[in-house]
2 protein chains.
Amino acid sequence: MNPLHLSNQLCFPFYAISKEISKRYRTILAPFNLTYPQYLVMLVLWEQDRIPLKAIGRRLQLDSGTLTPLLNKLIQSGYIEKARNELDERELVIKLTDAGHSLREQAASIPLQIQRVLGLTDDEYKRYKGMLDELSQKLNM
Amino acid sequence: MNPLHLSNQLCFPFYAISKEISKRYRTILAPFNLTYPQYLVMLVLWEQDRIPLKAIGRRLQLDSGTLTPLLNKLIQSGYIEKARNELDERELVIKLTDAGHSLREQAASIPLQIQRVLGLTDDEYKRYKGMLDELSQKLNM
DNA sequence: CGCTATTAGATTGTATACAATCTAATTTGA
DNA sequence: TCAAATTAGATTGTATACAATCTAATAGCG
């Protein structure tokens with residue numbers, strides 16, 4: 001067994017599958033004018049609105065260098081807006097606009113669409129999800 | 001169960017773990033002046049030298065828009081060189097340089113180092129690998 | 001043979017990622 | 001209290017990704 005052989009690498013299928021999933025999201029998210037990372041930001045904001053950039057970054061494991069331009073795109077698309085926390089002016093508070101709120105209902109069909117293009121049964125989906133959550137744990141993420 | 005909740009997404013842990021793995025590779029690959037995608041190209045070439053860009057792209061699922069600049073970096077680093085197939089001048093043949101060949105021996109320690117920073121046992125490693133290969137299959141990749 | 005279709009790479013434009021650095025605001029400790 | 005340390009974001013520079021388009025070379029076919 002050659003550990004330098006591509007087919008023996010754990011990391012490559014992660015890399016490849018992750019790219020493949022993003023690609024399949026691209027088609028589904030295009031009508032909403034969203035990319036996959038932008039969609040993730042929207043998911044976070046639909047869970048909790050009016051949170052600082054920092055909190056979004058913690059949740060998605062992204063830093064300001066990535067989030068600043070990404071949030072600006074979401075502003076351009078009309079889904080969010082920026083404000084400053086008056087108690088701590090360093091803090092940039094991200095708020096959903098009306099369009100951002102109503103997008104939530106239109107986006108409700110996305111998870112099912114994704115499951116369909118991935119072609120996984122509920123059981124498979126759950127099994128893979130369990131494995132990934134376990135691995136996240138082991139990696140201290 | 002809210003399917004729009006981040007914690008119920010299969011795709012997010014893929015995205016997050018994939019980024020995390022790349023980050024851990026970064027430290028290990030830095031002494032070799034390689035990024036993770038560049039390392040993948042080297043793995044492919046160590047398996048088979050003198051193959052066209054197209055073949056590397058098929059293997060890594062990357063197109064010329066990604067590979068052209070990436071290969072130019074590897075040329076700058078002195079690990080590969082470009083040539084044209086004389087029988088088909090469209091084809092760009094990628095060849096390892098002497099430095100590229102000898103890098104292979106120096107890189108032999110990388111897989112173990114990665115396994116160490118990931119903190120996985122052999123069994124865990126194999127189990128995850130099996131699941132991912134299975135999923136790749138299901139996704140027709 | 002010569003024209004059309006196809007193919008391989010390169011290029012352009014857009015969108016992440018992330019390290020490193022910078023600025024402004026807040027916190028902390030002598 | 002007030003200078004030093006810390007923190008939140010923004011900015012800069014480098015490196016992917018990938019769709020779309022372009023160019024040059026080859027293949028296919030009437």
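Chain letters run A, B, ... following the sequence lines, proteins first, then strands; residues in each count from 1.
Taking side-chain N and O atoms only, A:Thr35 has a distance below 4.0 Å to OP1 or OP2 of C:dT16. A:Lys54 has a side-chain polar atom (N or O) that falls below the 4.0 Å cut-off from OP1 or OP2 of D:dA8.
When distances are taken from the side chain of A:Lys23 to each of D:dA19, D:dG9, C:dA8, the shortest belongs to D:dA19. Side-chain atoms of A:Lys73 lie closest to C:dT16 of the nucleotides D:dC18, C:dT11, C:dT16. Considering only side-chain atoms of B:Glu91, the nucleotide from C:dA8, C:dA10, D:dA10 that sits closest is C:dA8. Among the nucleotides D:dG9, D:dA15, C:dA10, the one closest to the side chain of A:Thr68 is D:dG9. For A:Thr66, the listed nucleotide lying nearest its side chain is C:dT16; candidates were C:dT16, C:dG9, D:dA10. Closest to the side chain of A:Asp88, from the set C:dA25, C:dA15, C:dG9, is C:dA25. Checked against D:dT16, D:dG9, C:dT26, the side chain of A:Arg90 finds its nearest nucleotide in C:dT26. For B:Leu53, the listed nucleotide lying nearest its side chain is C:dG9; candidates were C:dC18, C:dG9, D:dC18.
Side-chain polar atoms of B:Lys129 and A:Asn8 form no donor-acceptor pair below 3.5 angstrom.
Considering only heavy atoms from C-beta on, A:Val44 comes within 4.5 Å of A:Ile51 through its side chain. Annotation: side chain of B:Pro52 is not in contact with side chain of B:Asp88 (no heavy-atom distance under 4.5 Å).
Projected onto DNA chain D by closest heavy-atom contact, A:Tyr15 and A:Arg84 fall at different nucleotides, the more 5' of which corresponds to A:Arg84. In terms of position on DNA chain C, the residue among A:Asn85 and A:Gln61 whose nearest nucleotide sits closer to the 5' end is A:Gln61. Both A:Glu89 and A:Gly65 sit near DNA chain C, but only A:Gly65 has its closest nucleotide nearer the 5' end.
You'll find a donor-acceptor pair under 3.5 Å spanning the side chain of B:Ser64 and the base of C:dA10, going by distance alone.
Here A:Leu87 lies in heavy-atom contact (under 4.0 Å) with sugar-phosphate atoms only. Residue A:Pro52 is in sugar-phosphate contact alone, with no base atom involved, counting any heavy-atom pair closer than 4.0 Å across all strands shown.
The CG atom of B:Leu40 sits 8 Å away from the P atom of D:dA17 (whole-angstrom rounding). Rounded to whole Å, atom P of D:dA8 lies 16 Å from atom NZ of A:Lys82. In this structure, B:Leu62 places its CG atom 10 Å from P of D:dT16, rounding to the nearest Å. Atom CD in B:Gln38 sits roughly 14 Å away from atom C1' in D:dA17 (whole-Å rounding). One interatomic measurement links the two molecules: CG of A:Leu92 to P of C:dT23, which rounds to 19 Å at whole-angstrom precision. Across the protein-nucleic acid pair, A:Leu67 atom CG and C:dA19 atom C1' stand 15 Å apart, rounded to whole Å. Per the geometry, NZ belonging to A:Lys19 stands 14 Å off C1' belonging to C:dT16, to the nearest Å. Protein atom CD of A:Gln76 is 8 Å distant from nucleotide atom P of C:dA15, rounded to whole Å.
Connection of A:Leu4 to B:Leu74 is established within a shared hydrophobic cluster, with ILVMFWY side chains joined at heavy-atom distances below 4.5 Å, either directly or through further cluster members.
The two atoms that bring A:Arg59 and B:Leu6 nearest to each other are CG-CD2, 3.8 Å, heavy atoms only.
Within 6.0 Å of atom CD in B:Glu105, more than 12 heavy atoms from other residues, nucleotides or ligands are found, so the atom counts as buried in its surroundings.
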